[in-house]
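Remarks on the structure that follows.
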Amino acid sequence: MRRTAICLFRQSLKCGRLNLIQIRNGTFYREHPSADRHDSSNPPLFPDLTFELPATIYEKSHPVERTSEHWAVISASDGATFLEILRGSHICVPPNARSYPYLASGYIDDRRDHRLRVPSRAIQYVGFNSGKGQLAGGSGGVRGAYLSARYESRREETDWTVMQYLKGDTELNPGQRAPDEGVDSHLLDKVMSDLRLEKLKNMPVSNLSNGQTRRTRIAKALLGRPLLLLLDEPFMGLDPPTLVTLSPMLKKLAYRSSPLLMLGLRPQDPIPEWITHLVVLGHNHTVALMGEKSKVLFDIRRWVNVASGSQTSTASQIFVDQITREYGLPPAGVTGDVLSETGISRHPEMLEESSPAPKDRGEIGRSLENGTEIKKCDRQTLDDLLNLAVTATPTTPSRSALEPTASCQQQEWSVLPSPGERDRQLSDPLIELSSIIVQYGSKTVLGHPPPQPGHTTPGLNLTISQGTRLALLGPNGSGKTTLLSLLTSDHPQSYSLPIKFFGRTRLPDPERGIPGLSLWEIQSRIGHSSPEIHQFFPKHLVVRRVLESAWAETYAGKPNLSPERSDMVNRFLSWWEPELRQDAIDASGAHFGSDLSWATDKQNHAFGTLPFSVQRLLLLLRAIIKQPDIIILDESFSGLSADTRDKAMLWLEFGENKIRPHGAPTTQEAPSLHVSTATEAPVSVAQGHSVRFTGLMPSQALVVVSHVKEEIPDCVDEWLRLPGEEEVLESSRGVEGGRTHERGWVKSQEGWMRVWGL
Ligand SMILES: Nc1ncnc2c1ncn2[C@@H]1O[C@H](COP(=O)(O)OP(=O)(O)OP(=O)(O)O)[C@@H](O)[C@H]1O
């Protein structure tokens with residue numbers, strides 16, 4: 001083993017670079033493969049993978065600035081597996097195909113940090129797609145066994161603060177620490193300042209908002225002094241200004257190689273401008289594209305065109321079929337948007353005009369930089385197949401560039417239409433908040449002065465009425481989750497604050513003989529999905545039970561079902577089978593629709609065994625299935641692929657009226673093209689024809705929280721933007737919002753820029 005490492009080291013040095021990660025024609029398996037290697041329960045992962053990441057060689061006299069070979073992996077679902085493989089997880093065949101020459105070299109100082117010899121220590125992984133509050137590092141985790149504990153001011157002994165969490169002081173009876181496990185105080189100060197955590201150092205980690213949690217987890221990983229940090233989906237759930245500031249901070253780390261970074265991105269994420277190389281994963285655990293960013297983006301355009309049937313001749317169809325068979329469809333939603341310090345803009349490669357000749361581009365990543373050829377595998381690469389299939393220069397569906405427009409500091413209330421101009425009438429109020437102020441100690445979280453426009457007293461005012469379609473917006477930490485917890489009555493202060501639920505307060509009114517409202521009375525009229533619910537949801541419930549739990553008093557309690565309700569569950573299961581079912585063999589639908597027994601299968605369809613995106617989708621469906629008075633969707637569309645997200649939005653608004661069964665609508669076509677007929681209904685649905693799900697009713701209210709405009713449904717025509725703590729302190733920014741002329745205005749380019757003032 002040692003000999004192999006030395007040989008590889010010598011070989012790498014001869015090539016003029018020393019790799020931190022070196023994979024050459026390796027195939028990976030979750031379990032030891034059987035002799036014939038055709039076990040469908042243990043498929044090969046990324047067969048014949050070749051990937052190299054050069055190490056940064058530190059010269060004592062020269063500060064390092066590494067501007068090239070910063071990688072991101074784009075994938076709809078497999079990104080975490082790919083990243084885990086890079087740090088030594090999963091079985092590699094042949095075993096010596098994966099090596100870490102730099103870690104075996106003399107550049108690692110055993111006296112200073114011998115742990116760096118171990119790949120899993122030198123390369124650390126921080127994943128963000130598992131909901132908020134889950135802080136890495138085990139014991140520094142979440143407080144309480146119930147959701148509303150987060151909103152309490154009382155602190156338990158185990159409510160570790162940010163500082164304790166970062167230092168690793170999260171044991172009640174700490175044992176003797178190993179000498180190398182202490183935290184370097186200089187590094188701690190620096191990391192806290194880089195990640196703007198100083199003000200939060202005494203805050204219990206369980207009280208942190210999503211964005212604060214994310215910064216804390218990155219800080220914790222940096223304190224482990226890895227050589228390479230794999231950040232999986234770091235931008236999920238972050239507000240646009242934080243996104244714009246986080247990326248340069250990451251760039252600084254990456255350029256200094258302290259540590260080197262590699263990102264896992266969803267197809268719809270903007271790509272930081274400092275990323276120079278991309279890996280794009282295809283279906284069935286394949287690497288579809290890999291190499292220099294512009295070249296990969298160019299190939300994605302070609303792939304999209306091939307998949308959509310444009311620019312291919314009949315003779316090319318054989319190659320098109322081969323592409324779809326081996327690599328699947330291009331990941332939906334890749335825009336190639338560039339994230340920089342000034343905002344988000346379109347990558348030139350994704351603009352119509354650019355049409356470089358594919359052959360002109362170097363293929364970094366497939367061949368070594370010094371020209372050493374890597375042994376080609378038998379499988380044809382997607383690039384080769386695209387060359388054979390494409391007969392013309394790729395085009396791009398036109399879309400206005402996303403460059404930021406003029407900023408707007410105006411109070412939006414003044415420019416919005418008066419109530420008389422509104423198209424849609426709202427009906428009875430469902431929940432009314434009057435001059436609400438929420439404070440924790442001296443810290444005001446909701447209801448900062450000045451008073452809202454049209455009001456004389458400070459505090460937050462909001463009415464959710466029948467027909468409301470509201471987007472609740474605001475920077476990370478501005479109080480959105482706190483506000484939602486008042487609406488759902490999970491917040492302990494919802495008893496005492498001036499809030500009316502369905503015309504009544506929670507406290508009884510003995511003088512008028514009106515009893516108080518119970519939590520169940522309120523929550524039975526609300527459908528709610530959120531990252532917090534996701535975190536606390538029982539892992540053992542099977543798919544059917546998750547949907548049925550919409551009618552239960554507690555997540556795992558016995559649901560109050562009726563024949564109609566069971567029919568509705570069947571209906572949802574049938575229409576969403578392609579997305580929810582885990583044991584289907586291909587995407588053609590051949591195995592779908594026979595019966596619904598898969599939804600009660602504990603092995604593959606218990607909530608905890610489902611992929612993150614499927615869990616999110618299921619909780620979203622759970623929130624809408626009982627057609628409650630109020631639907632609250634807090635980051636419910638995040639984590640879904642672009643196709644599933646678009647289908648879920650149509651389902652939410654129109655239900656069966658505008659979605660084809662067993663297939664997401666294509667983004668190019670108008671929703672009206674997907675009007676379904678009764679004959680299109682899946683076989684299994686026909687058994688329960690007494691109910692149909694037809695989407696949002698005029699009497700229902702919808703409240704959506706998202707930091708991504710594509711995750712706001714088109715029907716939204718009202719917004720409320722809460723100010724962030726810094727905005728209040730620095731510019732006295734107050735609450736903004738109001739009804740809009742058009743539905744979907746807030747998610748338009750103009751609306752979004754106004755809301756965020758980017
Ligand atoms: N129990 C608590 N004690 C003290 N502060 C708290 C408590 N709960 C929340 N906070 C603070 O209140 C502020 C608002 O948090 P909240 O989670 O509501 O923000 P948010 O807008 O939902 O953020 P994000 O978009 O990041 O999820 C944050 O600064 C948070 O740290």
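Indexing begins at 1, ligand by ligand and atom by atom, following the structure's order.
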### Query
Between Q493 and S496, is any side-chain donor less than 3.5 angstrom from a side-chain acceptor?
no
### Query
Taking the six-membered ring of Y495, is the NZ or CZ of R506 close enough (under 6.0 Å from the centre) and on axis enough (within 45°)?
yes
### Message
Whether the T444 and Q439 side chains hold a donor-acceptor pair (N or O, under 3.5 Å, no angle test) is what I'd like checked.
### Response
yes
### Query
Charged N to carboxylate O under 4.0 angstrom, R616 versus E635?
no
### Query
Out of Q439, M203, K443, whose heavy atom is nearest to atom 29 (O) of ligand 1?
K443
### Query
If you count the atoms of ligand 1 from 1 in the order shown, which ones are under 4.0 Å from a heavy atom of T481?
17 (O), 18 (O), 20 (P), 22 (O), 27 (O)
Which pairs of donor and acceptor atoms, one on a side chain in residues 622-632, lie under 3.5 Å apart (sequence neighbours left out)?
from, atom 1, to, atom 2, distance (Å)
R622, NE, S549, OG, 2.7
K626, NZ, S524, O, 3.3
K626, NZ, I526, O, 3.4
K626, NZ, A550, O, 3.2
D629, OD2, R525, NE, 2.6
D629, OD2, R525, NH2, 3.1

### Any E725 heavy atom less than 4.0 Å to ligand 1
no
### Task
Under 4.0 Å from a heavy atom of P475: give me the atoms of ligand 1 that qualify, with their elements.
21 (O)
### Query
Taking distance alone, with no angle check, do G474 and ligand 1 share an N/O pair under 3.5 Å?
no
#### Entry: Of the listed options T482, L446, D634, closest to atom 16 (P) of ligand 1 (non-hydrogen atoms)
T482
### Summary
Near H707 (heavy-atom distance under 4.0 Å), the atoms of ligand 1 are 25 (O)
### Query
Who are the ring pair (Phe, Tyr, Trp, His ring centres under 6.0 Å) partners of H70, not counting sequence neighbours?
Y255, W274
### Message
So, applying salt bridge (Lys or Arg N to Asp or Glu O under 4.0 Å) with R733, which one of E726, E725, E727 is it?
### Response
E727
### Proximal atoms of ligand 1 relative to Q212 (non-hydrogen, under 4.0 Å)
28 (C), 29 (O), 30 (C), 31 (O)
### Task
Can you sort out which atoms of ligand 1 are near V445, meaning under 4.0 Å from one of its heavy atoms?
12 (O), 13 (C), 14 (C)
